Structures are given as structure tokens and as C-alpha cells.
J.: 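Below is a structure I'd like to ask you about.
What's counted below: heavy atoms across the whole structure, side chains too, no hydrogens, waters or symmetry copies. All of these numbers come straight from a predicted model, not from anything done at the bench.
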Amino acid sequence: VSTMLMLNASIAGDTVGVRHFAAPSRERGTDLDVTVWYPAEPGGEAVNLGDSELFVGTSAMRDAPISGGKFPLILLSHGAGLAGTPQALSWIATPLARQGFVVAAPTHPGNGGKNRSAAETMKLWLRPADLTATLDAIGKDTFFGDHFEQGKIGVLGLSMGGNTALAIAGARVDPERLAAYCDTDALNASLCQWVRQSGVDLHAMDLQPAGSDNTDKRIRFAMAIDPAPVDVLDARSFAGIRIPLAIVNLGRPGKIPATTDASGIAKAIANASYATIEDASHYSMFGECKPGAAAIIVSEEIGDPLCDDGAGRSRREIHAQLIDMAAAAFGKGLKAGR
């Protein structure tokens with residue numbers, strides 16, 4: 001397998017380019033900022049994406065020339081909170097681009113960064129619409145437009161982005177379950193405490209649009225890593241999912257939090273595979289922690305043990321496994337039949 005991956009990498013070239021473009025969104029009433037990683041020729045300006053006081057970033061070349069040829073497209077959906085930016089997922093986006101995919105990630109407004117908003121974050125139904133808007137716009141983009149293989153489009157989502165990946169494949173949110181989500185702290189204490197501190201009452205929000213069908217039929221394959229919240233999805237919608245899905249949970253079966261445990265969903269979807277990484281945790285989706293990051297988390301009272309994995313392997317090793325799983329899944333799901 002490693003030889004094959006090396007061959008793929010050498011075909012795609014080792015340079016990964018990154019650039020931004022704007023995708024108009026009717027639902028948001030504004031342009032989305034989209035970050036795109038892609039196989040590139042030498043050139044551009046070296047940047048380190050996802051680097052922060054806590055996390056190690058990943059290097060890429062801003063505005064490098066795109067490699068010749070056509071590539072499958074992966075739409076990438078990020079989580080909320082501290083990982084609520086495309087750049088926070090540079091650790092997985094960069095190696096996927098190195099292996100011959102174009103990876104496009106819209107910034108879901110209000111879900112992270114300085115403009116975090118609990119109300120916007122809980123509008124889960126707007127997230128798949130962000131991916132659809134990104135797909136509409138990237139096809140018309142002069143830089144990328146000629147570099148896609150027609151029909152080879154997939155979605156990768158992590159955490160709340162995993163919920164988004166399931167939604168764009170055909171899963172629907174149950175508005176009543178979403179309204180009751182923060183009635184208790186048992187499901188997602190850190191998210192719900194933030195929702196309450198922000199003065200947001202989910203019962204008072206207009207959640208009628210939450211149950212809408214956000215399927216995008218252009219998507220051929222979807223992968224969800226530790227999707228959350230899965231317990232607000234309407235189980236009746238799973239029968240309508242037609243595309244293959246790969247679902248991965250981080251943690252030991254029996255110890256995975258109910259709000260991310262997708263084992264039941266995987267069984268209910270006809271064409272879904274399910275895997276777990278037992279020595280990982282939900283926090284394994286963050287970048288590698290810098291030395292001293294754990295002390296900063298304690299001193300700033302962040303509350304979540306962001307540098308804790310499942311004990312055993314390092315986060316770098318867990319990331320390497322997730323990257324291999326994603327490359328293999330999208331290789332099979334999108335590149336087959338070339």
C-alpha cells in the first residue's frame with residue numbers, strides 16, 4: 001500500500017497549492033470565503049495554515065500554479081468552535097491534495113474564529129447549503145474550472161462537518177430533536193453551555209427550515225469522521241440515502257459519546273461502511289498540539305482536553321491513519337473507473 005501511495009504522490013507532485021475564492025450564497029446573503037488545496041507546480045508563497053498558539057500548522061504554497069490535468073473534487077466541511085475554520089483541517093487537506101485531489105472548504109459563517117455565534121452555529125441546515133454554493137462557484141472559477149473530472153465529487157466532514165456530510169447525502173435534521181438538544185448537558189456540555197451563555201434558546205429559534213432536504217445529487221461519495229450531533233438526525237431519512245458513505249468514530253465502542261456515536265446510523269444506511277479508531281478521541285481531529293499547549297488550555301480555562309487522544313499512539317500517528325483511510329476511501333469512491 002505504501003508503495004502505491006508513494007507512486008500516487010509522485011504522480012501528483014509534491015507541491016500543494018492553496019488559494020481563496022468567494023462563493024456567493026443565497027441562503028447566507030453573503031459571499032463565502034472558500035479555501036482550496038490543490039496539486040501544484042513549484043511557485044507561490046510559502047504559508048503555514050492552521051498554526052496557532054496551541055496547534056502545529058501545515059505548510060503549503062499560496063497561489064502556486066495548478067498542476068496540469070483533471071482531479072476529483074472533495075468538498076471539506078469543518079467543525080465548530082476552536083476547530084471552526086478550514087485552516088484547522090490543513091493537516092488532512094494538504095496530504096489529500098498531495099495525493100491528487102482538489103479539496104475545497106468553505107468557512108461556515110459564525111461557526112468559529114472571531115465572529116463565533118451560537119445562534120449561527122446551531123443553524124445546521126445552512127452548512128450543506130454552503131457546500132452546494134461552493135460547488136456551484138468553483139465550477140465557474142477560471143483558475144479551477146478546467147481541472148475537475150466530471151462527476152467525481154465527494155464530501156469529507158469532521159465533527160459538525162460530519163453531520164453536514166450526512167445531510168448533503170440525504171440525512172435530515174429533526175427540528176424537535178434539535179430544539180431539545182440543549183435541554184440537558186448530557187449530550188454536549190461544552191457546546192450547550194456556550195449556547196446558553198450566549199442567550200440562545202433553541203426552543204425559541206425558528207427551526208422549521210431545519211428539517212429541509214439538503215441533498216446535492218452531484219455528490220457521489222461522502223465520508224464523516226466523528227459526526228456530531230448525530231442524535232438530532234431523523235432516522236426515517238436514512239433510507240433515502242443512495243450514495244456510498246464511509247463513517248468513522250474516534251474512540252472505543254461503548255465509550256463513544258452518544259452525540260457522535262454513528263454505529264446505529266451506519267447500520268440503517270444501505271451503502272455505509274463503519275470503522276472505529278479505538279485509541280483516538282474526538283480531540284484527535286485537532287492539529288498536533290505544540291509543547292506547552294496543555295498548560296495554556298489549563299491556564300485559559302478552555303475546559304476541553306484538546307491535547308488528549310485515547311492514550312497509546314501520538315496524534316501524528318492517528319492523523320496518518322485518518323489520512324490513509326480518507327485517501328483510500330475517496331480513491332475508491334471517486335477515482336475508480338478512471
Side-chain angles (χ1 to χ4, degrees), residues 23 25-30 32 75 77-81 83-84 106-112 115-136 155 157-217 219 222 224 226-243 245 247 257-262 264-265 268-269:
S25 164
R26 196 176 69 243
E27 281 79 4
R28 299 278 189 184
T30 184
L32 301 170
L75 299 168
S77 180
H78 63 73
T107 298
H108 297 297
N111 279 242
N115 300 321
R116 276 181 73 192
S117 156
E120 288 305 306
T121 296
M122 298 310 290
K123 292 178 183 173
L124 300 176
W125 61 92
L126 291 178
R127 292 170 132 263
D130 293 340
L131 296 183
T132 289
T134 299
L135 184 50
D136 291 341
V155 172
L158 291 83
S159 192
M160 200 171 271
N163 175 294
T164 307
L166 295 173
I168 205 165
R172 299 190 196 191
V173 171
D174 179 333
E176 288 181 17
R177 286 184 165 200
L178 182 57
Y181 187 67
C182 287
D183 288 358
T184 164
D185 270 352
L187 299 177
N188 196 330
S190 59
L191 178 68
C192 288
Q193 283 164 11
W194 175 50
V195 167
R196 275 198 301 280
Q197 284 164 3
S198 304
V200 172
D201 176 1
L202 294 177
H203 289 282
M205 274 174 69
D206 176 16
L207 297 181
Q208 217 37 53
S212 56
D213 180 1
N214 287 301
T215 310
D216 190 320
K217 292 198 163 50
I219 306 300
D226 238 22
V230 293
D231 38 4
V232 300
L233 296 174
D234 185 342
R236 293 168 301 183
S237 64
F238 301 149
I241 295 176
R242 298 279 175 262
I243 62 170
L245 289 182
I247 300 174
T259 202
T260 59
D261 186 346
I265 289 177
I269 295 170

J.: Taking atom types as modelled and ignoring hydrogens, do the side chains of R127 and N163 form a donor-acceptor contact shorter than 3.5 angstrom?
T.: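 Looking only at side-chain atoms, N163 and R127 do not form any donor-acceptor pair under 3.5 Å.
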
J.: Could you check whether any side-chain heavy atom of L233 comes within less than 4.5 Å of a side-chain heavy atom of V173, counting everything from C-beta outward?
T.: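 A side-chain contact exists here, since the closest heavy-atom pair is under 4.5 Å.
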
J.: First locate atom OG1 of T164, then atom CG of N214, and finally report the distance between them rounded to the nearest 0.5 Å.
T.: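 It comes to 9.5 Å.
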
J.: Rounded to the nearest 0.5 Å, what separates atom CD1 in I247 from atom OG1 in T260?
T.: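 One finds 12.0 Å between CD1 of I247 and OG1 of T260.
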
J.: Apply side chain to side chain contact (heavy atoms under 4.5 Å, CB included) to residues I219 and L75 and explain how you reach the verdict.
T.: CA-CA 9 Å; I219 306 300; L75 299 168; 3.9 Å; yes

J.: Could you tell me if the side chain of W125 sits less than 4.5 Å from the side chain of L207, heavy atoms only?
T.: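 They are in side-chain contact.
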
J.: Under a 3.5 Å distance rule, please check whether N111 uses its side chain to pair with a backbone N or O of P109 as donor and acceptor.
T.: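 Indeed, once roles are kept as given, a pair shorter than 3.5 Å links the two residues.
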
J.: Please examine the side chains of L191 and Y181, heavy atoms only from C-beta on, and report whether any two atoms are closer than 4.5 Å.
T.: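 Yes, close enough: below the 4.5 Å cut-off.
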
J.: List the atom of P209, the atom of S212, and the distance in Å for their closest heavy-atom pair.
T.: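 Smallest interatomic distance, heavy atoms only, reads O-OG, 2.8 Å.
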
J.: Which heavy atom in P227 sits nearest to a heavy atom in V230, and how many Å separate them?
T.: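 So the two residues come closest at O-CG1, 3.2 Å.
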
J.: Is there a side-chain contact between L166 and F238 (heavy atoms, below 4.5 Å)?
T.: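 A side-chain contact is absent here, since even the closest heavy-atom pair is not under 4.5 Å.
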
J.: Would a distance-only check, ignoring hydrogens and angles, find a side-chain to backbone donor-acceptor pair under 3.5 Å from T184 to A186?
T.: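 Indeed, once roles are kept as given, a pair shorter than 3.5 Å links the two residues.
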
J.: What's the shortest heavy-atom distance between A224 and G162, and which atoms?
T.: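 Of all heavy-atom pairs spanning A224 and G162, the closest is CB-O, 3.7 Å.
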
J.: Look at atom CD of E176 and say whether more than 12 heavy atoms of other residues, nucleotides or ligands are closer to it than 6.0 Å.
T.: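 Count not over threshold, so no.
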
J.: Just by distance, do the side chain of T259 and the backbone of D231 share a donor-acceptor pair under 3.5 Å?
T.: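 Not confirmed, T259 side chain does not pair with D231 backbone.
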
J.: Testing the 3.5 Å rule here: is there a donor-acceptor pair between the side chains of S159 and D226?
T.: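 No pair is found: no donor N or O on one side chain lies under 3.5 Å from an acceptor on the other.
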
J.: The criterion is side-chain hydrogen bond (donor to acceptor under 3.5 Å, both in side chains); which residues satisfy it with T132, sequence neighbours excluded?
T.: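 T132: side-chain hydrogen bond (donor to acceptor under 3.5 Å, both in side chains) contacts with D216.
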
J.: Do you know which two heavy atoms are closest between L178 and A210, and how far apart they sit?
T.: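 Residues L178 and A210, closest heavy atoms: CD2-CB, 4.1 Å.
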
J.: Is the number of heavy atoms from other residues, nucleotides or ligands under 6.0 Å of D201 CG greater than 12?
T.: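 Count over threshold, so yes.
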
J.: Is there a side-chain contact between M160 and T121, using heavy atoms and a 4.5 Å cut-off?
T.: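 In short, these two side chains touch, coming nearer than 4.5 Å.
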
J.: What verdict does the side chain to side chain contact (heavy atoms under 4.5 Å, CB included) test give for R242 and T215, after you've listed the backbone C-alpha separation in whole Å, the side-chain angles of each residue and the deciding distance to 0.1 Å?
T.: CA-CA 10 Å; R242 298 279 175 262; T215 310; over 6 Å; no

J.: Indicate the atoms forming the closest heavy-atom contact of L245 with A169, along with that distance.
T.: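 Minimum heavy-atom contact is CD2-CB, 3.9 Å.
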
J.: State, with a plain yes or no, whether a side-chain heavy atom of S25 is found less than 4.5 Å away from one of T30.
T.: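 The answer is no; the side chains never approach within 4.5 Å.
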
J.: For a side chain to side chain contact (heavy atoms under 4.5 Å, CB included) check, start with the C-alpha distance between L131 and S77, then their side-chain angles and the critical distance, and finish with the verdict.
T.: CA-CA 8 Å; L131 296 183; S77 180; 4.3 Å; yes

J.: Has R26 got a side-chain atom pairing as donor or acceptor with A133's backbone, closer than 3.5 angstrom?
T.: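 Side chain of R26 to backbone of A133, a donor-acceptor pair under 3.5 Å: no, none is there.
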
J.: Taking T107's backbone N and O only, do any of them form a donor-acceptor pair with H78's side chain (distance below 3.5 Å, no angle check)?
T.: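 Checked: no pair found.
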
J.: Kindly write out the residues that satisfy side chain to side chain contact (heavy atoms under 4.5 Å, CB included) with R177, not counting sequence neighbours, or none if the list is empty.
T.: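 Partners of R177 by the side chain to side chain contact (heavy atoms under 4.5 Å, CB included) criterion, ordered by chain and then number, come out as D174, V232.
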
J.: Testing the basics here: between T134 and P106, what is the closest heavy-atom pair and its distance to 0.1 Å?
T.: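 Heavy atoms only, the tightest pair is OG1-CB, 3.3 Å.
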
J.: Using the side chain to side chain contact (heavy atoms under 4.5 Å, CB included) criterion, which residues pair with E120? Sequence neighbours excluded.
T.: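 Counting only residues at least two positions away or on another chain, E120 forms a side chain to side chain contact (heavy atoms under 4.5 Å, CB included) with R28, S117, K123, L126.
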
